[in-house]
J.: 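Here it is, the structure, as structure tokens.
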Amino acid sequence: PRHHGQPLRDFLQGPRYGGKQGIMTLAALATGLIFVLVLGMVHHVGVLTIIRITPHAGGRGHAAVLVTFAGLALLHSVEIVAAAVALAGLLQIEGFGGLAGAYGGTWEGLIYLSGMSFVTLGYTDIKAEDSIRLVVMFLSLGGFMVLTWSATLLYSVCGKAWREGGYSSDEAPGRGS
């Protein structure tokens with residue numbers, strides 16, 4: 001019979017994941033989850049700020065759409081660069097893994113990996129190796145979550161602007177009336 005905690009003990013002491021590698025895997029999972037949670041908090045504050053500065057009501061619907069779009073573009077850019085900075089820090093930890101392929105050890109490479117992880121779920125010519133792969137996986141999860149959150153906000157602002165502007169669904173901009 002197995003004892004409580006035995007699967008975790010097997011994981012940490014197993015032939016492939018034993019010792020330090022097992023601990024680094026757990027550290028990467030925890031780091032990735034913390035990243036997603038912090039990203040969610042930062043994005044929430046950013047979205048609230050965008051809502052606060054966005055013009056509302058009569059005759060300024062197009063301004064509301066444009067301010068929201070620009071604010072979200074800036075917010076996502078900051079989030080992507082912050083994730084690149086976090087990756088740079090994690091790469092300094094011995095045993096956490098590394099980046100290969102087209103990385104080249106540059107900030108451009110880190111920002112590119114971060115951005116591509118956010119918007120394409122990580123399809124890039126930079127390859128994450130060892131435990132840091134799990135953090136990059138969480139970057140993709142977080143990116144997907146905040147991008148869909150932002151798309152929902154922009155959709156809502158557009159709908160409100162178009163309704164307040166007197167457009168029916170057939171007369172909305174881009175419908176050719």
Side-chain angles (χ1 to χ4, degrees), residues 7-54 65-155 157:
L8 178 60
R9 204 169 10 265
D10 289 348
F11 174 76
L12 292 174
Q13 297 173 352
R16 180 170 175 127
Y17 299 104
K20 186 175 181 179
Q21 187 58 43
I23 291 169
M24 295 310 290
T25 299
L26 292 175
L29 288 169
T31 300
L33 179 59
I34 289 167
F35 172 80
V36 171
L37 296 174
V38 170
L39 175 65
M41 288 184 268
V42 168
H43 196 75
H44 180 67
V45 170
V47 164
L48 290 176
T49 301
I50 292 166
I51 290 169
R52 200 172 302 118
I53 66 170
T54 299
V65 170
L66 295 174
V67 167
T68 301
F69 183 86
L72 290 171
L74 178 62
L75 178 59
H76 285 285
S77 297
V78 167
E79 292 165 347
I80 288 168
V81 171
V85 170
L87 283 174
L90 293 173
L91 288 170
Q92 303 306 309
I93 300 172
E94 185 179 333
F96 215 77
L99 301 176
Y103 169 50
T106 65
W107 278 107
E108 178 184 336
L110 286 172
I111 294 168
Y112 176 75
L113 174 62
S114 176
M116 294 305 284
S117 294
F118 266 62
V119 301
T120 68
L121 301 180
Y123 295 117
T124 176
D125 50 356
I126 297 174
K127 182 180 178 202
E129 297 177 331
D130 298 324
S131 296
I132 203 158
R133 292 183 312 160
L134 300 173
V135 176
V136 172
M137 174 192 73
F138 275 99
L139 287 179
S140 295
L141 172 64
F144 175 76
M145 293 173 76
V146 298
L147 285 171
T148 55
W149 186 353
S150 294
T152 302
L153 174 62
L154 187 58
Y155 178 81
V157 170

J.: How about Leu141 and Phe138: do any of their side-chain heavy atoms sit closer than 4.5 Å?
T.: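 Of all side-chain heavy-atom pairs linking Phe138 with Leu141, at least one is under 4.5 Å.
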J.: Which residue in the set Val85, Ile126, Leu99 passes side-chain contact (heavy atoms from CB on, under 4.5 Å) when paired with Leu110?
T.: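 The residue from Val85, Ile126, Leu99 that satisfies side-chain contact (heavy atoms from CB on, under 4.5 Å) with Leu110 turns out to be Leu99.
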J.: Where is the tightest heavy-atom contact between Val135 and Ala28, given as atom of each residue plus distance?
T.: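 Scanning both residues completely, I find the closest heavy atoms to be CG2-O, 3.6 Å.
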J.: If the condition is side chain to side chain contact (heavy atoms under 4.5 Å, CB included), which residues does Val45 pass it with, not counting sequence neighbours?
T.: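 Val45 satisfies side chain to side chain contact (heavy atoms under 4.5 Å, CB included) with Thr49 only.
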J.: For a quick test of reading the model, state the closest non-hydrogen atom pair linking Gly143 to Phe118 and the distance between them.
T.: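 Of all heavy-atom pairs spanning Gly143 and Phe118, the closest is CA-CD2, 3.5 Å.
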J.: Report, as yes or no, whether the 6.0 Å neighbourhood of atom CE on Met137 holds more than 12 heavy atoms from other residues, nucleotides or ligands.
T.: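 Above 12, so yes.
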J.: Got a sec, which residues hit side chain to side chain contact (heavy atoms under 4.5 Å, CB included) with Ala70, two or more places apart in sequence or on another chain?
T.: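 Ala70: no side chain to side chain contact (heavy atoms under 4.5 Å, CB included) contacts found.
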J.: For the atom pair CH2 (Trp107) and CG (Leu87), what is the distance rounded to the nearest 0.5 Å?
T.: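 The CH2 atom of Trp107 sits 9.0 Å away from the CG atom of Leu87.
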J.: Tell me, please, which residues at least two apart from His43 pass ring pair (Phe, Tyr, Trp, His ring centres under 6.0 Å).
T.: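 With neighbours one apart ignored, the set is His76, Trp149.
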J.: Do Val146 and Val42 come within less than 4.5 Å of each other through their side chains, counting heavy atoms only?
T.: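 The answer is no, as the side chains (C-beta and beyond) never meet within the 4.5 Å cut-off.
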J.: With sequence neighbours left out, what residues match Phe69 under side chain to side chain contact (heavy atoms under 4.5 Å, CB included)?
T.: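 For Phe69, the residues satisfying side chain to side chain contact (heavy atoms under 4.5 Å, CB included) (neighbours in sequence not counted) are Leu154.
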J.: Carefully, step by step, assess Leu113 and Leu139 under the rule side-chain contact (heavy atoms from CB on, under 4.5 Å).
T.: CA-CA 10 Å; Leu113 174 62; Leu139 287 179; 5.7 Å; no
J.: Can you pull the side-chain hydrogen bond (donor to acceptor under 3.5 Å, both in side chains) pairs that have at least one residue in residues 124-136, sequence neighbours excluded?
T.: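 Every side-chain hydrogen bond (donor to acceptor under 3.5 Å, both in side chains) pair that includes a residue of residues 124-136, provided the two are not neighbours, is Gln21-Ser131.
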J.: With sequence neighbours left out, which residue pairs that include part of residues 90-103 fulfil the side-chain hydrogen bond (donor to acceptor under 3.5 Å, both in side chains) condition?
T.: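 Listed by first then second residue: nothing to list.
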J.: Once side chain to side chain contact (heavy atoms under 4.5 Å, CB included) is applied, do any residues pair with Ile50, and if so which ones, sequence neighbours excluded?
T.: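 Residues passing side chain to side chain contact (heavy atoms under 4.5 Å, CB included) with Ile50: Thr54, Thr68, Leu72, Leu75.
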J.: Any idea which heavy atoms bring Gly98 and Ile132 closest together, and the distance?
T.: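 Minimum heavy-atom contact is O-CG2, 3.7 Å.
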J.: How far does CG of Leu48 sit from CG of Leu153, to the nearest 0.5 angstrom?
T.: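 It comes to 9.5 Å.
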